[in-house]
Amino acid sequence: MGSLLLILIIAVAIFVGIASKKYYDKPYIVNFGIALMMALLVIQTFLMTPIGGLGYAAIALCSIAFVFQLVLGIKNLKTVS
């Protein structure tokens, strides 16, 4: 499960990198991609056995980033439509 999740995180990161160049006129695609990556990072951190202070900080920051990117994606989707 852990290696599959790591592969998904890497795949989404590559997609976000390519989408930022290819879909420059559609920023909501990049926002939703980054939101998905942040959610996967939170899940990855929860699966770590002993979660230390740095792990909790990562969970908090990635959760906040997930919410911000989701809001930005919805906002950009409404302006395009």
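Numbers here are sequence positions counted from 1.
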[X], [Y]: one ILVMFWY side-chain cluster at the under-4.5 Å cut-off?
X: Leu70; Y: Leu41; answer: yes
X: Ile64; Y: Ile9; answer: no
X: Phe66; Y: Leu72; answer: no
X: Val16; Y: Phe68; answer: no
X: Tyr23; Y: Leu77; answer: yes

**Report entry** Sequence-distant partners of Gln69, side chain to side chain donor-acceptor pair (under 3.5 Å), two or more places apart
**Finding:**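 With neighbours one apart ignored, the set is Asn31.
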
Atom [atom1] of [X] and atom [atom2] of [Y]: how far apart are they, to the nearest 0.5 Å?
X: Cys62; Y: Leu40; atom1: SG; atom2: CG; answer: 10.5 Å
X: Ile51; Y: Phe46; atom1: CD1; atom2: CZ; answer: 6.0 Å
X: Phe32; Y: Asn76; atom1: CZ; atom2: CG; answer: 8.5 Å

Query raised in the report: So do the side chains of Phe15 and Ile29 get within less than 4.5 Å of each other, counting heavy atoms only?
Result: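 Yes, at least one pair of side-chain atoms sits under 4.5 Å.
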
**Report entry** Met38 side chain reached by Val42 side chain, heavy atoms, under 4.5 Å
**Finding:**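 Result no, sub-4.5 Å side-chain heavy-atom pair not found.
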
Query raised in the report: If every non-hydrogen atom of Gly55 is compared with every non-hydrogen atom of Thr45, which pair is closest and at what distance?
Result: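 Distance-wise, the nearest heavy atoms are O-CG2, 3.4 Å.
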
Report task. Flag yes if more than 12 heavy atoms outside Leu4 fall under 6.0 Å of its CG atom; otherwise flag no. Result ->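 Counting neighbours around CG of Leu4, more than 12 heavy atoms of other residues, nucleotides or ligands fall under 6.0 Å, so yes.
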
Query raised in the report: How is the hydrophobic cluster of Ile14 composed, in terms of its other members, when Ile, Leu, Val, Met, Phe, Trp and Tyr link through side-chain heavy atoms under 4.5 Å apart, directly or indirectly?
Result: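 Once heavy-atom contacts under 4.5 Å are chained together, Ile14 belongs with Leu6, Ile10, Ile18.
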
